[in-house]
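Convention: sequence-line order gives letters A, B, ...; per-chain numbering from 1. Worth knowing before you read on, the calculation uses all heavy atoms, side chains too, and leaves out hydrogens, waters and symmetry mates.
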Amino acid sequence: MGEDEIMALRRRKLETIRSKGIDPYPARARRTHTTKAAVELLVRSPDAHEIVWVAGRVTAMRRMGRAAFLDIRDGSGRIQAYFKQESLGVEAYERLLHTVDLGDFLGVEGSLFRTKTAEPTIEATSFTILAKALRAPPEKWHGLQDVEVRYRQRYLDLIANPEVRETFVTRSRIIQRIRRFMDERGYLEVETPILQSTAGGAAARPFTTYHNALGRQQFLRISLELHLKRLVVGGFDKVYEIGRIFRNEGVSTKYNPEFTMLESYEAYADYTVLMEMVEEMVSTIAGVAVEPSWGRGKIIDELLTVHVEPHLRQPTFLVDYPVELSPLAKRKTESPHLVERFELFIAGREVANAYSELNDPVDQRERLLQQSRLRAAGDDEAETADEDFLIALEHGMPPAAGLGIGIDRLVMALTGLTSIREVILFPALREREA
RNA sequence: GGGCCCGUAGCUCAGCGGUAGAGCUCCGGACUUUUAAUCCGGGAGUCGUGGGUUCGAAUCCCACCGGGCCCUCCA
């Protein structure tokens, strides 16, 4: 049977449900327990035959004549429901067999027990359709393997592949821990403009858009840096932002045109402070206990051993870059052609970039002008001079250290995944032709 | 930007010059503790798109579209 026929069949079932006066898409679901809570209740009271209502998606149906087993899955987990004609009644049992398909959402009322194989089960006394699905879910054995479909229809990927779901739970927890880490260190979380009239702070091509009411071209930000530094000028000594950055570059397993960046700025600190902070942050996030005796690099090294595939390259700090590559970083006093900057590489990918911030407004103006000259000479990835930012610096910025961490790559490093598309829910892909 | 590989049923794949196959899904039947349920029967396809070669193309050739991997690289 082709896809069209399957859908037609499901539509007919939908009409059958309606013809019985049942709403196939009711506004509310009665639910006393998540599937997980129901299993926990059964563990606490094994012989009580507690009555529960659960709700979830039907992910398996094993029909056996006058009885059937259905797997019901919700966000917390899964529980099996046992439908017996004898306890459900002939009418309701027939309705189950003839109108319910894999993928439908069902509310189930019944009492908790264990089958002879000890499987936690609800013996259903009634059920309600909560949402009829018109398309069939991916097949149960092999799940969904086609990478393209996995990305284009991520919801199917999440349904079919539990480890994918787990990756995004992990990603969320990593970001959560970063926030807690920064908050506990006294950083203030802020939000700065995504739409900007000049996109500065990084060497990258921006996306352009147009503001109708103002009648002018705008850019999507390519970094968070220049606005966060304005806030340091304004007296916020420790600020950070976790936000989406947009760069008009290629699409691949390493690059996505929009990605998530953490940037932080701390007044009265230099880049050596940040090096320690990055190590501590990454250790904290990965949940590895930090031994005080471990030297720099050792902690990250331990992380890799524990969390990352052994064949991946060792985490490495690269320290002190040529001034030409770092127009926003402070020169080293003893060697002014270098800047106080480090980058952290994990598994061969740049994860963090940090430097002591340039706060000399004259030097900053000169260096941005130099970038403008490069741009005029055809380098379209040279930095744009942001005059408003230069004016802010001229009002005086305290010595400060700034950090940027590519969240997507950090998640890759900590999960051992090698494609950025595996850690971004909806990665950029080319349009599929009609 | 360069190289290699892939695209066949809803899903996972086989077929690689002679009229399109399997398992799962789906449909019908049997079955009241199954859990990849089982057993019997039955459907299901513009073989990515467009051209070409050939008596004949899913199969060979070319172009295009989409995807994957490696190299270069913007994080």
Looking at every strand, decide which applies to Tyr93(A) at a 4.0 Å heavy-atom threshold: base, sugar-phosphate, or nothing. nothing
Identify which nucleotide among G67(B), U25(B), C74(B) has an atom closest to any side-chain atom of Leu429(A), counting heavy atoms from C-beta outward. G67(B)
Quick one: does NZ or CZ of Arg95(A) land under 6.0 Å from the six-membered ring centre of Phe127(A), within 45 degrees of the ring axis? yes
Round to a whole Å and report the spacing from CG of Leu9(A) to P of C26(B). 10 Å
For Gln80(A), answer base if it contacts any base atom (sugar-phosphate contacts may also be present), sugar-phosphate if it contacts only those atoms, and nothing otherwise; contact means non-hydrogen atoms under 4.0 Å. base
Pairing partner of C64(B), by Watson-Crick or G-U wobble and under 3.5 Å for both distances, is G48(B)
With a non-hydrogen cut-off below 4.0 angstrom, is Asn256(A) in contact with a base, only sugar-phosphate, or nothing? base
Indicate whether OP1 or OP2 belonging to C27(B) is found under 4.0 Å from a side-chain N or O atom of Lys13(A). yes
Per Thr115(A) side chain, nearest of listed nucleotides U32(B), C69(B), U33(B): U33(B)
Need one value for Ile420(A): base, sugar-phosphate or nothing, where a base atom within 4.0 Å counts as base even if backbone is also close, heavy atoms only. base
Look at all strands and tell whether Ile405(A) reaches a base, only sugar-phosphate, or nothing, counting heavy atoms closer than 4.0 Å. nothing
Would you measure the distance from the C1' atom in C47(B) across to the matching atom in U34(B) and give it in whole Å? 38 Å
Within less than 4.0 Å of OP1 or OP2 of U32(B), is there a side-chain N or O belonging to Arg66(A)? yes
C1' spacing across the pair U19(B) / U59(B), given as an integer number of angstrom: 14 Å
Contact class for Gly406(A) (heavy atom, under 4.0 Å): base, sugar-phosphate, or nothing? nothing
For a quick test of reading the model: is some side-chain N or O of Lys84(A) closer than 4.0 Å to OP1 or OP2 of U33(B)? no
Nearest-Å distance once atom C1' is located in both G2(B) and G10(B): 38 Å
N or O in side chain of Arg63(A) less than 4.0 angstrom from U38(B) OP1/OP2: no
Whether the side chain of Asn161(A) engages the backbone of Val164(A) through a donor-acceptor N/O pair (distance < 3.5 Å, no angle test) should be reported. no
For Arg430(A) and G67(B), is the shortest distance between a side-chain N/O and OP1 or OP2 below 4.0 Å? yes
Using atom types as modelled and distance alone, determine if a side-chain donor or acceptor of Arg18(A) lies under 3.5 Å from a backbone N or O of Leu14(A). no
Sorted by chain and residue number, the side chain to side chain donor-acceptor pair (under 3.5 Å) partners of Thr192(A) (sequence neighbours excluded) come out as Arg221(A), Glu241(A)
Which pairs, with at least one residue in residues 55-82 of chain A and sequence neighbours excluded, count as a salt bridge (charged side-chain N to carboxylate O under 4.0 Å, His left out)? Arg31(A)-Asp74(A), Arg62(A)-Asp71(A), Asp71(A)-Arg78(A), Arg78(A)-Glu119(A)
For the C1' atoms, the ones on A9(B) and on C5(B), what distance do you get once it is rounded to whole angstrom? 24 Å
Output yes when Asp104(A) and Lys13(A) qualify as a salt bridge under the 4.0 Å nitrogen-oxygen rule, no when they do not. no
Side-chain contact check for Tyr82(A): nearest option of C74(B), U32(B), C69(B) is U32(B)
For C6(B) versus C62(B), give the span between their P atoms, rounded off to a whole number of Å. 13 Å
When you measure only distances, ignoring hydrogens and angles, does the side chain of Glu86(A) come within 3.5 Å of the base of U32(B) through a donor and an acceptor? yes
